[in-house]
Protein chains: 2
Amino acid sequence: MPWRDGTGPPWWHGKMKGCGYRLTVPRHAILDVLSQTKEHLSAEDIYLAVHKVYPAIGLTTVYRTLELLVQTGMVFKFDFGDGRARYELSEGPQSIGHHHHLVCTGCGRIIDYTDFIDEEIELLRKTEKGLSKKYNFKITNHLIQFHGLCGKCN
Amino acid sequence: MPWRDGTGPPWWHGKMKGCGYRLTVPRHAILDVLSQTKEHLSAEDIYLAVHKVYPAIGLTTVYRTLELLVQTGMVFKFDFGDGRARYELSEGPQSIGHHHHLVCTGCGRIIDYTDFIDEEIELLRKTEKGLSKKYNFKITNHLIQFHGLCGKCN
DNA sequence: ACTTTAATTGAAAATGATTATCATTAACAA
DNA sequence: TTGTTAATGATAATCATTTTCAATTAAAGT
Ligand SMILES: [Mn+2]
Ligand SMILES: [Mn+2]
Ligand SMILES: [Zn+2]
Ligand SMILES: [Zn+2]
């Protein structure tokens, strides 16, 4: 649990330790980068940002750490169709929480939106219920993206 | 326009010629494979199926043809998270039309469903309207997947 | 603080899907 | 039938991500 004034240990310390993982410099640095942006960074984006402060940290470790964070649910991994995975903090003070994406097919811009989540959640609930019965399928997650052209591209 | 009794030229001939593309043996073979399955085939899957009948057709041509078919809207390309693209006929007599997917994270099985499309379309309409106004974003397409465990995996 | 020990790291090489090159082939309009 | 040019296929190249493995280090115990 992080301090309210932001001076205490970052919120993720507990999560990491709780899962039995060591709190290392690379992991700290990577989580720092993720918690200080609203963008959807690629592994290399994160590597470059981390590299400015800790030139010794390698790309391999970035990939490994991201996989760890995805497994523990601290980070979401997305594919927006440009051939590289994108990562985004899934929780914590800075994160916007569950949301869906608008993907501009013109310039690649990604827009987070939550405006219609309520109705979507309602639909998802119905869908989950129905599909669960019909296909005996246990839904644990969903992926919703709208593709089109952003304001600058149309 | 294909013959009603199925003896005429396949339905895609018109589409190909109409777009100014040549009707070649590889293209015919690839479309044949796609129209005779309900599965979500990878490029290599398609290559192997085509290879049984036409061993001379190469994987490169399969990739090129698939890209062409995706561009012309005859084929949909999906990413179900296993590191290889999947392809599915988007129209024609055999196709099931627009649908969404259930992705089993246990065994990788893909289930097509159309049951809730109507309600989803209604939601999409609302969403499109709202987001179009708020973000000046023109939605042309959407991607909806539910992830979870299929009947055999839970 | 010092030791111990297994988890973690980083450089380098490997992997695997997809794409680019380029000489050869073949569709099809004339 | 012929000429033009799109299309093909073998090969090499790309590029994101993984694997390997020896060296490092977090952190628990002393
Ligand atoms: Mn987002
Ligand atoms: Mn499908
Ligand atoms: Zn744009
Ligand atoms: Zn399954």
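Here is the naming used below: chain letters follow the sequence lines, and residue numbers restart at 1 for every chain.
The interatomic distance linking R22(B) (CZ) with dT25(C) (P) rounds to 16 Å, in whole Å. The separation between Y54(A) atom OH and dT9(C) atom P is 13 Å, rounded to whole Å. Atom CD in E67(A) sits about 14 Å away from atom C1' in dT8(C), given to the nearest Å. dA26(C) atom C1' lies 13 Å from atom CG of L23(B), rounded to whole Å. Rounded to an integer number of Å, the gap from I57(A) CD1 to dG10(C) P is 6 Å. Look at CG on L68(A): it is 9 Å from P on dT9(C), rounded to the nearest Å. The CG atom of L48(B) sits 14 Å away from the C1' atom of dA17(C) (whole-angstrom rounding). Computed from coordinates, the R86(B) CZ to dA17(C) P distance equals 10 Å when rounded to whole Å.
Checking side-chain atoms of S35(B) against main-chain N and O of L31(B) turns up a donor-acceptor pair under 3.5 Å. In this structure a side-chain-to-backbone donor-acceptor pair under 3.5 Å is present from N154(A) to L149(A).
In this model, no donor atom of one side chain and acceptor atom of the other lie less than 3.5 Å apart for H51(B) and E44(B).
Nearest-nucleotide positions on DNA chain D place R27(B) closer to the 5' end than the other of P55(B) and R27(B). For the pair Y63(B) and T24(B), both in contact range of DNA chain C, the more 5′-proximal nearest nucleotide belongs to Y63(B). Residues T60(B) and E44(B) both approach DNA chain C. Their nearest nucleotides, taken by heavy-atom distance, put E44(B) toward the 5′ side.
Atom NZ of K138(A) is surrounded by 12 or fewer heavy atoms from other residues, nucleotides or ligands within 6.0 Å.
A tilted orientation is assigned to the rings of F146(B) and Y113(B), their planes being inclined by 30° to 60°.
Between D112(A) and K38(A), none of the side-chain N atoms (NZ, or NE/NH1/NH2) sits under 4.0 Å from a carboxylate O, so this pair counts as no salt bridge.
Taking the 5' to 3' direction, DNA chain D first and last meets chain A under 4.0 angstrom from a heavy atom at dA16(D) to dA27(D).
Residues L68(A) and R27(A) have side chains in contact (heavy-atom distance under 4.5 Å, counting atoms from C-beta outward).
Proximity note for V25(B) (side chain, C-beta onward) versus dA27(C), dT9(C), dT18(C): the nearest is dA27(C).
Residue contacts for R64(B): at a heavy-atom cut-off of 4.0 Å it reaches a base atom on one of the strands shown.
Under 3.5 Å, the side chain of R84(B) and the base of dA17(C) form no donor-acceptor pair of N or O atoms.
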